Enquirer: 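If you scroll down you'll find the structure; I have some questions about it.
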Amino acid sequence: MLSMDKLPWTMRAPRKSVPEFYIDEVLPILMRRRALQLTKFDYRLTSDLDEDLQKLRCRVNFHALKFTSSIHAMGQKLVQKLRLMNTRYVAIHLRFEPDMLAFSGCYYGGGEKERKELGEIRKRWDTLPELSAEDERSRGKCPLTPHEVGLMLRALGFGNDTLLYVASGEIYGGDSTLQPLRGLFPNFYTKEKLAGDDLNPFLPFSSRLAAIDFIVCDESDVFVTNNNGNMAKVLAGRRRYMGHKRTIRPNAKKLNVLFQTRNQLSWDTFSRKVQRVQRGLMGEPDDIRPKQDDFHEFPSSCICSRKPGNISATT
């Protein structure tokens, strides 16, 4: 856009717009001005589309996604560094930044200091309702702590020699919050640790840093989400569509009960219970989340059905 003599016309589409809106309102502007920027475009198109349009949408979402050469090169450089250490690695989108915790209305045992800090951040959003932190956690609406993510992975059978890449911004609580996860998985890496000073040109731009994390997570052998946000959903859908790679989604509601009773259970019992509550959420090819049709995470309308003896293909 910076290379253009004149910036494109900008408009915002209403949420979940039907195709007719784009034909009647967007297309005439695009034809007249030749370039058009749609702001806040995620989830602006309804999921109730004809199959052919969904297939086109898949190609736009997953094939047309391109990063600038500098972002792509940095992301691939980090992937290569990880592959040199181990042929396989697990990526976690930790999503434990202060703004995320404040927005969720959750509480993590940090006393009055935590309540005050997150409460101040929460004031940024005028329309957020008053929430009970206990109710939100019991409903599975709170991200797991880094320690809880580590316990889940160990219970699922990932050994302490697993190579772990952690994608995140500023972690609430800093190194002290991350230390329990590092203790469980000593082979612990972030973009900052892998890239060193090479990351400096990207540091002022949070979206570019997120794009680098996106690339490394997308290339991982196993991707673990800790929040059902846009990035996690698009990554999960892309990994399904582009040939299928495993994505693990924590069952936060049921795991919360187990974490509360962790000290009362033997490790074998705890591990067995974690494996039980995670059934159907381990990224198997036919995993489907019941009663919710989220196109970005489950682009089933443009993934060909698996046939016996054949590898599933994409349309």
Side-chain angles (χ1 to χ4, degrees), residues 43 47 90-110 114-115 118 122 128-158 166-168 171-173 177 180-181 184 217 222-237 239-240 246-284 286-298 300:
Y43 298 88
S47 289
V90 175
I92 304 174
H93 187 214
L94 205 49
R95 208 60 180 100
F96 207 72
E97 295 89 351
D99 63 332
M100 176 60 199
L101 302 188
F103 186 86
S104 69
C106 298
Y107 172 70
Y108 291 92
E114 177 185 324
R115 295 184 190 278
L118 298 184
R122 193 170 172 81
L128 292 183
E130 289 294 326
L131 297 173
S132 163
E134 293 75 16
D135 289 347
E136 292 304 289
R137 192 155 176 83
S138 66
R139 292 171 57 218
K141 300 299 182 180
C142 297
L144 304 184
T145 68
H147 188 202
E148 290 169 344
V149 172
L151 287 173
M152 178 192 72
L153 289 176
R154 290 297 298 272
L156 291 173
F158 291 89
V166 174
S168 73
I171 295 295
Y172 183 69
T177 301
L181 178 59
L184 291 167
C217 289
V222 178
F223 173 55
V224 183
T225 73
N226 190 27
N227 165 261
N228 213 24
N230 294 340
M231 178 170 164
K233 287 181 178 179
V234 172
L235 267 167
R239 289 167 65 86
R240 286 179 180 274
R246 185 181 298 279
T247 297
I248 297 175
R249 292 175 289 121
N251 187 338
K253 182 176 181 179
K254 293 184 178 180
L255 286 173
N256 174 55
V257 177
L258 289 180
F259 290 134
Q260 289 181 355
T261 59
R262 166 70 190 95
N263 293 331
Q264 303 167 26
L265 304 173
S266 69
W267 177 256
D268 287 344
T269 300
F270 174 75
S271 179
R272 188 165 58 250
K273 288 179 177 290
V274 169
Q275 293 173 33
R276 185 181 303 132
V277 302
Q278 281 298 123
R279 288 173 185 167
L281 298 168
M282 293 294 293
E284 300 297 338
D286 297 326
D287 278 359
I288 294 295
R289 183 167 49 185
K291 298 182 181 178
Q292 190 165 349
D293 181 21
D294 188 329
F295 167 80
H296 294 82
E297 191 171 0
F298 298 100
S300 55

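Scope of the values below: all heavy atoms of this structure, side chains included, with no hydrogens, waters or symmetry mates. Because the structure is a prediction, the values reported are computed rather than measured.
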Enquirer: Heavy atoms only: give me the nearest W267-L151 pair and the separation to one decimal.
Expert: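 Nearest pair, atom of W267 first, then L151: CH2-O, 3.9 Å.
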Enquirer: Looking only at heavy atoms, what is the nearest atom pair of P143 and N226, with distance?
Expert: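 Shortest heavy-atom contact: CB-O, 3.5 Å.
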Enquirer: What are the two closest non-hydrogen atoms of N256 and S138, and how far apart are they?
Expert: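 Distance-wise, the nearest heavy atoms are ND2-CA, 3.9 Å.
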Enquirer: In a table with atom names and distances, give each donor-acceptor pair under 3.5 Å that connects a side chain of residues 90-102 to protein atoms at least two apart or in another chain.
Expert:
{"unit_1": "R95", "atom_1": "NH1", "unit_2": "E97", "atom_2": "OE1", "d": "2.8"}
{"unit_1": "E97", "atom_1": "OE2", "unit_2": "G169", "atom_2": "N", "d": "2.7"}

Enquirer: Between I248 and Q278, is there a side-chain heavy-atom distance shorter than 4.5 Å?
Expert: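 They are in side-chain contact.
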Enquirer: Using the test disulfide bond (SG atoms under 2.5 Å apart), find all partners of C217 that sit at least two apart in sequence or belong to another chain.
Expert: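 In terms of disulfide bond (SG atoms under 2.5 Å apart), with neighbours along the sequence ignored, C217 is linked to no residue.
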Enquirer: Can you list everything that forms a side chain to side chain donor-acceptor pair (under 3.5 Å) with S168? Sequence neighbours excluded, please.
Expert: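 Residues passing side chain to side chain donor-acceptor pair (under 3.5 Å) with S168: none at all.
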Enquirer: After noting the C-alpha distance and the side-chain angles of R122 and L131, does the key distance pass the side-chain contact (heavy atoms from CB on, under 4.5 Å) rule?
Expert: CA-CA 11 Å; R122 193 170 172 81; L131 297 173; 3.3 Å; yes
Enquirer: Sequence neighbours excluded, which residues qualify as side chain to side chain donor-acceptor pair (under 3.5 Å) partners of Y108?
Expert: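 Per chain and number, Y108 pairs via side chain to side chain donor-acceptor pair (under 3.5 Å) with no residue.
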Enquirer: Going by the rule salt bridge (charged side-chain N to carboxylate O under 4.0 Å, His left out), which residues pair with R246 if we only count those two or more places apart in sequence or in a different chain?
Expert: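 Checked R246 against salt bridge (charged side-chain N to carboxylate O under 4.0 Å, His left out); matches are E284.
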Enquirer: So do T145 and F259 actually touch side chain to side chain, heavy atoms under 4.5 Å?
Expert: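 SC-SC contact between F259 and T145 ruled out.
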Enquirer: So, applying side-chain contact (heavy atoms from CB on, under 4.5 Å) with V166, which one of I171, V224, L181 is it?
Expert: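 Answer after filtering I171, V224, L181: L181.
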Enquirer: Mind jotting down which residue pairs meet the salt bridge (Lys or Arg N to Asp or Glu O under 4.0 Å) criterion with at least one end in residues 130-139? Sequence neighbours excluded, please.
Expert: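 Matches after skipping sequence neighbours: E136-R139, R137-E148.
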Enquirer: Using the side-chain contact (heavy atoms from CB on, under 4.5 Å) criterion, which residues pair with K254? Sequence neighbours excluded.
Expert: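 side-chain contact (heavy atoms from CB on, under 4.5 Å) list for K254, sorted by chain: N251, V277.
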Enquirer: Taking only residues two or more places apart in sequence or in another chain, which ones pass salt bridge (charged side-chain N to carboxylate O under 4.0 Å, His left out) with R154?
Expert: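 None.
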Enquirer: Under the 3.5 angstrom rule, does the side chain of T261 hit a backbone N or O of Q264 as a donor-acceptor pair?
Expert: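 Checking the backbone N and O of Q264 against the side chain of T261, no donor-acceptor pair under 3.5 Å is found.
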Enquirer: Just wondering, are more than 12 heavy atoms of other shown residues or ligands nearer than 6.0 Å to CZ in F103?
Expert: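 Check fails, neighbour count at 12 or below.
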Enquirer: In chain order, what residues pass the side chain to side chain donor-acceptor pair (under 3.5 Å) check against T247, with sequence neighbours excluded?
Expert: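 Side chain to side chain donor-acceptor pair (under 3.5 Å) check on T247 returns R239.
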Enquirer: Is the shortest heavy-atom distance from the side chain of T225 to the side chain of M231 under 4.5 Å?
Expert: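 The answer is no; the side chains never approach within 4.5 Å.
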Enquirer: Mind checking what makes side chain to side chain donor-acceptor pair (under 3.5 Å) contact with R276, not counting sequence neighbours?
Expert: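 Partners of R276 under the side chain to side chain donor-acceptor pair (under 3.5 Å) test: none.
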Enquirer: Can you list the residues that meet the side-chain contact (heavy atoms from CB on, under 4.5 Å) rule with Y107, with sequence neighbours excluded?
Expert: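 Y107 satisfies side-chain contact (heavy atoms from CB on, under 4.5 Å) with E114, R115, A133 only.
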Enquirer: Please report the shortest heavy-atom distance between P250 and L255, naming the atom on each side.
Expert: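 Looking at all heavy atoms of both residues, the shortest contact is CB-CD1, 3.9 Å.
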Enquirer: Of all heavy-atom pairs between S271 and A155, which one has the smallest distance, and what is that distance?
Expert: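 Where S271 meets A155 most closely, the heavy atoms are OG-O, 2.7 Å.
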Enquirer: R262: what forms a salt bridge (charged side-chain N to carboxylate O under 4.0 Å, His left out) with it, not counting sequence neighbours?
Expert: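 In terms of salt bridge (charged side-chain N to carboxylate O under 4.0 Å, His left out), with neighbours along the sequence ignored, R262 is linked to no residue.
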